[in-house]
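These notes concern the structure reproduced below.
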Amino acid sequence: MVELAAHRNNRAASRMHTTGAGGFNVWRNSFPVEHLPPGGSEVEVGGVPFSFPPVGEGYDNVRCDGQFVEVPAGRYDWIHLLAAAERRAEDTVELHYADGSVDTEWLRVSDFWSAPAWFGELPAYRTPVMHYPYHVQPGIGAHLWAQRVPVPRRTALAGLRLPRNIAVHVFAATVQEPPPGTAGLPATRREEDGRDH
Amino acid sequence: MTTDHPPRVHHITGAPPEFWYRDLASCLQATFGSVLLRAGHDPLEVLGTAWQFLYRPGEVRSEEFYFPTRYEGDLGRGIAPHHPLTSAWRTPDDPADPLAGLRAALDADRLVIAAVDNHHLPFRPAYRDVHAAHLVTVFGLDEHRGLVHVADATPPAFRGAVPLEAFLAAWDSANPSDVQDAFFSDSRIGRRWLDVRVGGPYPDTTPARLAAVLRADAELFTTGKADGPDGAAGLAGLARFTEELVDRSRAGDPAAIRDLYPFGWGMQAQASLHGELLRRLGAAWRLPVLAGAGRAVEAVAHAWTGVRMTGAHGRDDPAAAAGGLARHTAVLRRRYAEAVEAVHEALDALPVPA
């Protein structure tokens with residue numbers, strides 16, 4: 001799991017009696033804490049474990065603004081995210097590798113506000129109500145999506161730089177290692193290939 | 001002044017209108033979509049056929065349903081210029097009998113699209129909270145019981161009766177300025193309603209037909225002028241709009257950002273529907289290049305998210321938002337250019353007009 005605590009800068013979830021404390025979008029709608037997993041709990045979505053953020057206590061997600069998020073050093077195939085967007089959004093993330101390589105990959109996140117999974121995400125959580133600043137609204141659900149970003153290079157990943165896009169929110173991240181036996185070329189082989197890493 | 005109309009029931013024939021909704025579309029496309037569905041047409045085929053860019057400086061209204069049109073306020077033709085769909089804004093001729101026009105339309109078995117202020121409608125989340133201009137479909141009027149039958153596909157989605165008093169309050173609202181909704185308030189509703197004519201016949205969507213409209217719209221993108229007679233059109237118009245947006249924001253002009261949200265919604269909705277339609281047709285006709293062009297147009301819609309949300313969150317300090325707007329509008333212009341190029345490529349796979 002990837003530690004996001006230092007980067008959290010937005011309060012997306014609120015409690016029933018203090019809905020005005022939340023502000024996921026420009027209208028200050030928010031996820032209802034009562035319909036989400038407990039803050040700090042370990043959850044599993046699509047077979048991927050995540051550390052659920054501390055909802056209801058303050059900042060609970062990262063509103064993307066170019067933050068650099070370090071990952072535990074290692075080789076990975078996927079970066080899994082719990083994320084939601086203020087309207088459908090796609091933008092790029094930079095994958096920074098330990099050998100100095102940097103590639104951009106797409107991060108696509110569907111709208112949190114009663115919308116379908118336009119980019120094929122897994123619906124991680126869908127709440128039966130939406131919090132407005134002064135009331136709890138039935139019939140409008142808030143969605144938190146499970147999305148993933150590929151890590152194409154077969155070399156160690158150091159971190160990712162999130163997009164500078166205020167519409168995209170990341171709640172949790174987990175990196176997934178390659179299956180055993182598929183770790184790619186060892187470093188010595190890469191050097192024999194004559195490639196500059 | 002008195003009215004001679006006895007209380008009566010006016011209702012369209014058959015079932016209430018079906019909902020039609022897309023997450024990037026607004027109440028404008030949703031209400032027209034319901035009208036088209038009732039007439040037996042596929043809303044996506046009608047509302048997704050055109051893809052253009054048009055900005056009319058000084059015209060933008062603080063309403064969810066604002067859409068720039070070169071056809072003298074005809075929103076129907078504006079959102080579906082390649083089909084016979086038309087509409088005209090109406091207001092009551094006789095203030096003493098404001099419902100006369102609605103009665104006549106319903107008696108003629110036509111749905112009415114009414115402008116409302118959400119603040120007065122019990123089924124809207126903004127009820128008694130936020131003033132915001134919106135559109136709903138009216139499919140019945142029961143003056144005997146004091147009810148108006150309305151349909152609203154926008155979540156939480158409602159189809160049923162509301163008290164006539166509530167409807168009249170929403171329909172006649174001044175929709176005053178509201179800090180909770182800076183983008184869709186401060187715009188008088190004024191008992192406006194859209195008199196929609198579906199028209200016909202509707203052409204079948206064939207490869208040849210699609211090629212013709214794609215070619216026409218692609219030409220508008222490349223020949224449109226930054227200061228044309230209808231406004232700022234095409235890629236040149238987009239360049240003008242984005243440059244002015246950034247410059248005005250940098251100068252601290254709040255109007256630049258206030259207009260961005262409603263104006264951008266229309267352009268975003270249109271791109272999303274066009275892209276979805278091209279993807280669908282590309283898959284159905286086994287033309288991957290067409291489906292790919294559709295995805296490229298959808299990327300335009302997604303780039304609008306970055307622009308609109310950067311502006312929305314920066315509304316209190318436009319100058320501080322200027323940098324973000326510059327970055328996102330640069331992306332938007334690239335996405336438009338890429339999508340126009342992708343449409344040109346798709347045209348090579350479609351029939352050449354005779």
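Order of the sequence lines sets the chain letters (A, B, ...), proteins ahead of strands, with each chain counted from 1. Model, not experiment: these values are computed from the prediction.
- Taking a 6.0 Å sphere around CZ of B/R128, one finds it holds 12 or fewer heavy atoms contributed by other residues, nucleotides or ligands.
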Derivation of the side-chain contact (heavy atoms from CB on, under 4.5 Å) call for A/Q137 and B/Y127: CA-CA 11 Å; A/Q137 177 64 42; B/Y127 181 51; over 6 Å; no
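- Heavy-atom neighbours of A/E57 CD from other residues, nucleotides or ligands within 6.0 Å: above the threshold of 12.
- Residue A/W113 comes nearest to B/P155 through the heavy atom pair CH2-O, 3.5 Å, listed as atom of the first residue, atom of the second, then distance.
- Neither the backbone nor the side chain of A/P163 comes within contact range of chain B; no heavy atom of the residue lies under 4.5 Å from a heavy atom of that chain.
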Should A/R87 and B/H302 be marked as a side-chain contact (heavy atoms from CB on, under 4.5 Å) after you check the CA-CA gap, both sets of side-chain angles, and the distance that decides it? CA-CA 8 Å; A/R87 298 200 154 260; B/H302 304 154; over 6 Å; no
Quick one, A/R88 with B/R22, criterion side-chain contact (heavy atoms from CB on, under 4.5 Å). Give me CA distance, side-chain angles, the key distance, then yes/no. CA-CA 11 Å; A/R88 204 192 299 167; B/R22 290 292 191 277; 5.6 Å; no
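- Proximity to chain B is absent for every atom of A/R28, based on heavy atoms less than 4.5 angstrom apart.
- When the shell of 6.0 Å around CZ of A/F119 is examined, it contains more than 12 heavy atoms from other residues, nucleotides or ligands.
- Heavy-atom contacts from other residues, nucleotides or ligands closer than 6.0 Å to CD of A/E105 number more than 12.
- Using a distance-only test at 3.5 Å, with no hydrogens or angles considered, no donor-acceptor pair links the side chain of A/H135 to the main chain of B/D129.
- Considering CD1 of A/I166 and CZ of B/R308, their distance stands at 14.0 Å, rounded to 0.5 Å.
- Between chain B and the options A/I140, A/D91, A/D111, heavy-atom pairs under 4.5 Å are most frequent for A/I140.
- Residue B/A299 touches chain A through both its backbone and its side chain, counting heavy-atom pairs closer than 4.5 Å.
- Side-chain contact between B/T305 and A/E86 is absent, with no heavy atoms from C-beta onward closer than 4.5 Å.
- In this structure, the portion of B/Y261 lying under 4.5 Å from any heavy atom of chain A is its side chain and not its backbone.
- Heavy-atom distances place the side chain of B/Y21, and not its backbone, under 4.5 Å from chain A.
- In this structure, the portion of B/R295 lying under 4.5 Å from any heavy atom of chain A is its side chain and not its backbone.
- For chain B, the nearby part of A/N25 is the backbone; its heavy atoms alone come within less than 4.5 Å.
- The OG atom of A/S110 lies 7.0 Å from the CG atom of B/D23; values are rounded to the nearest 0.5 Å.
- The closest side-chain heavy-atom distance from B/E298 to A/E90 is not below 4.5 Å.
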